[in-house]
Amino acid sequence: MANKTSANLVKAQAKLFASFQSSELRFRFPATYLALRSMSPIMFPNYDVLRTREDRVIETNYATRAVRALGSARTHNHTGAKQDTATLTPTWSSYTDKFNMSLKQADISIYDAQEQMNQELANIVANFMEGYETAATAYLFANRSGVNTATAEGTFDATDDVFEIAEAKETRAIQITKIALNANKYPDGATIFCDSISYAKFEFQAAQGASNNTNLSFQFNGVTFIHSVELGALASGLVSAYSKGFWIVVPNGTVATLPWIPVQNRRGDSSAAPLATYTNILNPVDGEVYGLHFYSVGADDTANNGYSQDVVTQYEVSQDLAFVKAPLSTASATPILAFAIV
């Protein structure tokens, strides 16, 4: 019930046991987001210091590949071309969630003010993690490569940007996927983000060991599987409406997340108090620091389980997050390769 009016002491309620309460506050584990976050440290060192405010643009330079066929003879009048460079500019999006508490709302509640604050923050964490999981999955799906040079045992559908593997070969789908990665000049080692159908198939296949009649375990070396629950719904919206298994492969270290909060939140700033205070909180799920901004106003909060002469504090938790991928100079090519069973 809104504003915790169902928890008033006059109703003589007992607190829920943690196991029951956690069922209500449960959230989808952000496996996709956390997998991308784990690749982040190697991509953009020191970006949080360089980005001093939300409107400051950060660019990074990289050398582009100059592809040339090798010559067959030495000449006295050879001429060459210079290798070029390009820039990558990360784009941050702001994510926020907010709540309020009044000074007197805990006076007639079985939950004291600190417990209610803990509940609010737990809810904030749940909302951020589910939101980030959705954002991470959408980023991978929207940025899948429009170029795939692999041809062995599959066909690249340039309409859906998906490498399709026939259902008759699905027991070797990961083997074919790894060969396709090599064909696209990526080394071994990748993270595979699976919809629910492909995840179930691959998990079953991985469980077939040498002692079983069908030994499929060889094809799973060097890859990590992530269950991206929301990927299936996205794949079903493509022209081919893939329903037999869909997955996205990211070579290790080629996609990352860049979290950022303003300087005032990072260091803590109460110079504007009581008008406003800037501070931060640590998210125990992803280990990242989030900005916390709050201010108080006098209010009649009787409608929200407070009282007529009350003080309401408004809280906002925020973080800017950029998803970035290793840049490629080939048009529509990305290191994010999609596969499906057809």
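Bear in mind that the values here come from a model prediction, so they are computed numbers and not experimental data.
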Distance check, rounded to the nearest 0.5 Å: Asn100 atom CG versus Asn304 atom CG? 6.5 Å
Taking the side chain as every heavy atom from C-beta outward, state whether Phe141 and Phe193 have any pair of such atoms under 4.5 Å apart. no
Restricting to non-hydrogen atoms, name the atom on Pro30 and the atom on Val285 that form the minimum distance, rounded to 0.1 Å. CG-CG1, 4.1 Å
How many angstroms lie between CD in Glu153 and OG1 in Thr177, if you round to the nearest 0.5 Å? 11.0 Å
Are the side chains of Val255 and Phe323 in touch, meaning some heavy atoms are under 4.5 Å apart? no
Spacing of OG belonging to Ser196 relative to NZ belonging to Lys201, to within rounding of 0.5 Å: 12.5 Å
Hey, what's the ring geometry for Trp247 with Phe202, parallel, tilted or perpendicular (30° and 60° as the breaks)? perpendicular
Can Glu170 and Lys244 be counted as an ion pair, charged N to O under 4.0 angstrom? no
Would one find more than 12 heavy atoms of other residues, nucleotides or ligands at under 6.0 Å from atom CD of Gln309? no
Quick one: does any side-chain atom of Glu203 pair with a main-chain N or O of Ala200 as donor and acceptor, under 3.5 Å? no
Would you call Leu121 and Met117 a side-chain contact if the rule is heavy atoms closer than 4.5 Å? yes
Asn123 and Gln119: side chain donor to acceptor below 3.5 Å: no
Could you check whether Thr137 and Ser228, counting side-chain N and O atoms only, form a donor-acceptor pair closer than 3.5 Å? no
Taking the side chain as C-beta and beyond, is there a heavy-atom pair between Tyr307 and Ile108 under 4.5 Å? no
Do the non-hydrogen side-chain atoms of Arg37 and Glu288 ever get within less than 4.5 Å of each other? yes
In terms of heavy-atom contacts, Asp310 and Asp301 come closest through OD2-CB, 3.9 Å
Side chains of Ile176 and Phe163: closer than 4.5 Å at any heavy-atom pair? yes
Mind checking whether Phe29 and Leu34 have side chains closer than 4.5 Å, heavy atoms only? yes
Could you walk me through whether Glu164 and Ser240 satisfy the side-chain contact (heavy atoms from CB on, under 4.5 Å) test, starting with their C-alpha distance in whole Å, then the side-chain angles of each, then the deciding distance to 0.1 Å, before giving a yes or no? CA-CA 10 Å; Glu164 298 176 343; Ser240 296; 3.7 Å; yes
Quick check: is Ile165 connected to Ile197 through a chain of hydrophobic side chains (ILVMFWY, heavy atoms under 4.5 Å apart)? no
With a 3.5 Å distance limit and no angle check, can you tell me whether Ser198 reaches the backbone of Phe246 through a side-chain donor-acceptor pair? yes
Minimal non-hydrogen separation, Ser318 against Phe128, with atom names: CA-CZ, 4.1 Å
Check for me, please, whether Val249 and Val147 land in the same ILVMFWY cluster - side-chain distances under 4.5 Å, paths through other members count. no
CG on Asp160 to OH on Tyr242, rounded to 0.5 Å: 4.0 Å
Run the side-chain contact (heavy atoms from CB on, under 4.5 Å) test on Phe225 and Ile174 for me, step by step, so that the C-alpha distance in whole Å, both residues' side-chain angles and the decisive distance to 0.1 Å come before the verdict. CA-CA 11 Å; Phe225 294 90; Ile174 295 302; 3.7 Å; yes
Name of the residue among Tyr95, Trp260, Tyr132 meeting side chain to side chain donor-acceptor pair (under 3.5 Å) with Gln319: Tyr132
Please determine whether residues Leu292 and Tyr295 belong to a single hydrophobic cluster, defined as Ile, Leu, Val, Met, Phe, Trp and Tyr linked transitively by side-chain heavy-atom distances below 4.5 Å. no
Between CD on residue Glu316 and CZ on residue Phe99, distance to nearest 0.5 Å: 11.0 Å
Donor-acceptor contacts under 3.5 Å from residues 270-280 side chains, at least two apart:
residue: Ser271; atom: OG; partner: Asp269; partner atom: OD1; Å: 2.5
residue: Asn280; atom: ND2; partner: Asn265; partner atom: O; Å: 2.7
residue: Asn280; atom: ND2; partner: Arg266; partner atom: O; Å: 3.4

Shortest non-hydrogen contact from Tyr186 to Thr334? OH-O, 3.8 Å
Between Leu234 and Tyr33, is there a shared hydrophobic cluster once you connect ILVMFWY residues whose side-chain heavy atoms come closer than 4.5 Å? yes
When you compare the side chains of Asn184 and Thr149, does any donor N or O come within less than 3.5 Å of an acceptor on the partner? yes
Walk me through whether Glu133 and Arg28 qualify under salt bridge (Lys or Arg N to Asp or Glu O under 4.0 Å). CA-CA 8 Å; Glu133 178 67 4; Arg28 177 169 294 149; over 6 Å; no
Find the distance between CG (Asp286) and CG (Leu282) and round it off to the nearest 0.5 Å. 8.0 Å
Minimum heavy-atom distance between Gly291 and Ile261, given as atom pair plus value: N-CG2, 3.4 Å
Side chain to side chain, Asp157 and Val342, heavy atoms closer than 4.5 Å: no
Verify same cluster id: Val125, Tyr315 (apolar side-chain graph, 4.5 Å): yes
Show the numbers, then the answer: is there a side-chain contact (heavy atoms from CB on, under 4.5 Å) between Asp320 and Ser94? CA-CA 4 Å; Asp320 289 5; Ser94 294; 2.7 Å; yes
Between Thr191 and Asn252, a side-chain donor and acceptor under 3.5 Å: yes
Taking all atoms of both residues into account, what is the closest heavy-atom pair of Asp195 and Leu231, and its distance? N-CD2, 4.0 Å
